[in-house]
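Shown next, in structure tokens, is the structure this report addresses.
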Amino acid sequence: MNPIYSGLPTTIFEKMSAIARETGAINLGQGFPDAPGPLDILESAADALLTRSNQYPPMAGLPELRHAIADHYRRHQGVDFDALSEVVVTSGATEAIAAAIFAILSPDDEAILIEPLYDAYAPLVRRAGGVVRTIRLQPPTWRLDPADLDAAITARTRLIIVNNPVNPTGTMFDRKTLTAIADRCVADGIIALCDEVWEHVRFGPDHIPLIAMPGMRELTVKIGSAGKIFALTGWKVGWLIADMALAGVIAKAHQFLTFTTPPNLQWAVAEGLAKPDGWFDSMRGGFAAARDRLVGGLRGAGFTVLPSDATWFVSIDLAASGIALDDVTFAERMAHEAGVVSIPMSAFYESDPITSIVRLCYAKDDATIDGAVRRMAGFRAKLAP
């Protein structure tokens, strides 16, 4: 068996969601909404399934979706891409990330990962034969220190993976930080793999795509996700955008991973990406209200909540809340004793993790949020000195 995979534990998301299924606990762990998603997009997918082709679409994606993706970013982020040579549709953003890593890295190339991080990055880098080097963000601000980036870069650095907005912290890199990353990439010829799936789910400043920074057009692979934009996580429709030469090589990796993506979902996503600006504003407003409801309830219950400007997640600082438990113990006890599932932040580290932070997903309806807050308040009271 391949040791990269055989030595891995079951993901924390599956472990905690299994507890929720077994016990009936409220699941604020794994990041998925409990709403069904936009009805018009669902109807478009259903109609396409019955009335349009269900045979293999083009490997790189339906032309309608690739044009819709290019048009969408031109309208929302002011960046221009050629739909047919620089856009590749994938079966979810994680597949796009995998294809990019496999296409870019050769054995012994180094990849810089920023902790806390999405747990798929490191195994994929290692499966490509790459070497993982990590730098880390520190709570409560989770800011990137350019000096840490400088220290991580070597002559063998080929790739840096930049997740922005950042999961699991719910923060966003500002222009100064992105400029620092871009400057290092340009100076050393490092490719930036930009996991930007949360680009529309942010509540502060506009999202700044790294690919738009000076010198980064030929050095960036931009990743997007319909599942995150439209809160349809099970659809697994993603895409990657890159300069023609880079996109062409990554597409060759994609063709031997999933080859293609269900055509009915592609047609529906193409329609969704053309929605008016007001729809995206309203979507953000709904998630912001859910975030504020959960944060207000948690603070009222005595928890210290870290700032969150993006994604579907907020984090509580156990130590700052006066709770003398590590994150794994707290998460397991709260799941079994209070019936609320969370994710310990230590799961997002390669080694030497921070163990005082727990992440919660607020993409739920008001009743679910209120019920979770009540249970957590009772659990918090039980833990009080």
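Under the 4.5 Å side-chain criterion, counting only non-hydrogen atoms from C-beta, Glu196 is not in contact with Ile223. Two residues are said to be in side-chain contact when any heavy atoms from C-beta on lie closer than 4.5 Å; Arg143 and Gln138 fail this criterion. Side-chain contact between Thr154 and Glu110 is present, with at least one heavy-atom pair separated by less than 4.5 Å. Contact annotation: the side chain of Val358 approaches that of Leu318 to within less than 4.5 Å [non-hydrogen atoms, C-beta and beyond]. Looking at Pro165 and His207, their side chains come closer than 4.5 Å, going by heavy atoms from C-beta outward. Taking the side chain as every heavy atom from C-beta outward, Phe287 and Phe203 approach each other to under 4.5 Å. Using a 4.5 Å heavy-atom threshold, the side chains of Tyr349 and Leu117 count as separate. Looking only at side-chain heavy atoms (C-beta outward), Phe81 and Val79 come within less than 4.5 Å of each other.
When all heavy atoms are compared, the tightest approach of Gly37 to Leu42 is O-CD1, 4.0 Å. The minimum heavy-atom distance linking Pro36 with Leu232 is given by the pair O-CD2, 3.5 Å. Pro139 approaches Leu306 most closely through the heavy-atom pair CB-CD1, 4.3 Å. Heavy-atom minimum distance, Ile241 versus Ile211: O-CD1, 4.3 Å. Here the closest heavy-atom approach between residue Thr171 and residue Pro307 is recorded as CG2-O, 4.3 Å. Listed here is the closest heavy atom pair of Trp312 and Gly227: CH2-O, 4.2 Å.
Placement of Val305 and Leu325 within a single hydrophobic cluster is found when ILVMFWY residues are connected by side-chain heavy-atom separations under 4.5 Å, directly or transitively. Residues Trp267 and Leu49 fall into different hydrophobic clusters, defined by Ile, Leu, Val, Met, Phe, Trp and Tyr side chains chained together at heavy-atom separations under 4.5 Å. Hydrophobic clustering of Ile, Leu, Val, Met, Phe, Trp and Tyr side chains at less than 4.5 Å, counting indirect connections, unites Leu210 with Ile135. Criterion: ILVMFWY side-chain heavy atoms under 4.5 Å apart, direct or through other members. Under it, Val132 and Tyr121 are part of a common hydrophobic cluster. In this structure, Phe259 is not a member of the same hydrophobic cluster as Leu240, with clusters built from ILVMFWY side-chain heavy atoms closer than 4.5 Å.
For Lys228, there are no salt bridge (charged side-chain N to carboxylate O under 4.0 Å, His left out) partners two or more places apart in sequence or in a different chain.
Panel note: side chain Thr220, backbone Lys222; no donor-acceptor pair is recorded below 3.5 Å. Judged by distance alone, the side chain of Asp109 and the main-chain N or O of Arg158 form no donor-acceptor pair under 3.5 Å. In this structure, the side chain of Thr90 does not engage the main chain of Ala93 through any donor-acceptor pair within 3.5 Å. Side-chain N or O atoms of Thr260 include none that pairs as donor or acceptor with a backbone N or O of Tyr56 at under 3.5 Å. One N or O on the side chain of His72 and one on the backbone of Leu273 form a donor-acceptor pair closer than 3.5 Å. Not one N or O on the side chain of Arg136 forms a donor-acceptor pair closer than 3.5 Å with the backbone of Ile114. Listed for the Asp188 side chain is no donor-acceptor partner under 3.5 Å among the backbone atoms of Ile190. The closest donor-acceptor contact from the side chain of Asp34 to the backbone of Asp365 lies under 3.5 Å. Asp108 contributes no side-chain N or O that, together with a main-chain N or O of Val131, makes up a donor-acceptor pair within less than 3.5 Å. At distances below 3.5 Å, not a single donor-acceptor pair connects side-chain atoms of Asn164 with backbone N or O atoms of Val166.
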Any chance you could lay out the salt bridge (Lys or Arg N to Asp or Glu O under 4.0 Å) test for Arg293 and Asp366, step after step, and finish with the verdict?
CA-CA 8 Å; Arg293 192 179 192 95; Asp366 290 352; 3.5 Å; yes
Note to self: Does Thr355 form a side-chain hydrogen bond (donor to acceptor under 3.5 Å, both in side chains) with Asp327? I'd like the steps, not just the answer.
What the structure shows: CA-CA 5 Å; Thr355 60; Asp327 59 342; 5.0 Å; no
Inset, instruction - Would you check, one step at a time, whether the test ring pair (Phe, Tyr, Trp, His ring centres under 6.0 Å) holds for Phe330 with Phe379? - result: CA-CA 10 Å; Phe330 176 89; Phe379 184 60; 5.5 Å; yes
Practice prompt. List the steps and the verdict of side-chain contact (heavy atoms from CB on, under 4.5 Å) for His67 and Leu84.
Written response: CA-CA 8 Å; His67 280 290; Leu84 299 184; 4.0 Å; yes
task: Give the C-alpha distance, both sets of side-chain angles, the deciding distance and a yes or no for side-chain contact (heavy atoms from CB on, under 4.5 Å) between Ser315 and Trp142.
output: CA-CA 12 Å; Ser315 297; Trp142 307 108; 5.7 Å; no
**Item:** CA sep, side-chain torsions, deciding dist, call: Thr258, Glu95, side-chain hydrogen bond (donor to acceptor under 3.5 Å, both in side chains)
**Value:** CA-CA 8 Å; Thr258 63; Glu95 196 244 318; 2.9 Å; yes
request  = Please assess Gln77 against Glu199 for the test side-chain hydrogen bond (donor to acceptor under 3.5 Å, both in side chains), listing each intermediate value before the final yes or no.
outcome  = CA-CA 10 Å; Gln77 297 180 6; Glu199 59 198 345; 3.1 Å; yes
Item to complete: Carefully, step by step, assess Leu178 and Met213 under the rule side-chain contact (heavy atoms from CB on, under 4.5 Å).
Response: CA-CA 8 Å; Leu178 294 173; Met213 305 295 288; 4.3 Å; yes
**Request:** Run the numbers on Ile250 and Val88 for side-chain contact (heavy atoms from CB on, under 4.5 Å), then give the verdict.
**Result:** CA-CA 9 Å; Ile250 299 172; Val88 179; over 6 Å; no
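When only modelled atom types and interatomic distance are considered, Arg359 and Asn167 share a side-chain donor-acceptor pair under 3.5 Å. Checking Gln30 against Ser17 by side-chain atom types alone, a donor-acceptor pair falls below 3.5 Å. At a cut-off of 3.5 Å, with distance as the only test, no side-chain donor of Asp47 or Ser44 sits close to an acceptor on the other residue.
Because its NZ or CZ atom is not both nearer than 6.0 Å to the ring centre of Trp239 and within 45° of the ring axis, Arg66 does not count as a cation-pi partner of that residue.
Between Arg202 and Asp309 no salt bridge is recorded (no basic side-chain N to carboxylate O distance below 4.0 Å). Look at Glu350 and Arg133 and you find no salt bridge, because none of the NZ, NE, NH1 or NH2 atoms lies under 4.0 Å from a carboxylate O.
The residue from Phe280, Tyr73, Phe230 that alone fulfils the ring-ring contact (aromatic ring centres under 6.0 Å, His included) condition with His200 is Phe280. Screening Phe348, Trp198, Tyr362, Phe32 for a ring-ring contact (aromatic ring centres under 6.0 Å, His included) with Phe313, the sole residue that qualifies is Trp198.
A distance of 9.5 Å separates CD1 of Ile316 from CZ of Arg380, quoted to the nearest 0.5 Å. Atoms CD1 and OG1, on Ile208 and Thr179 in that order, are 7.5 Å from each other to the nearest 0.5 Å. The distance from atom CD1 of Ile369 to atom CE of Met376, rounded to the nearest 0.5 Å, is 12.0 Å. Put simply, CD on Glu332 and CG on Asp326 are 8.5 Å apart, with the number rounded to the nearest 0.5 Å.
Within 6.0 Å of atom CZ in Arg156, more than 12 heavy atoms from other residues, nucleotides or ligands are found, so the atom counts as buried in its surroundings. More than 12 heavy atoms of other residues, nucleotides or ligands shown are found within 6.0 angstrom of NZ on Lys382.
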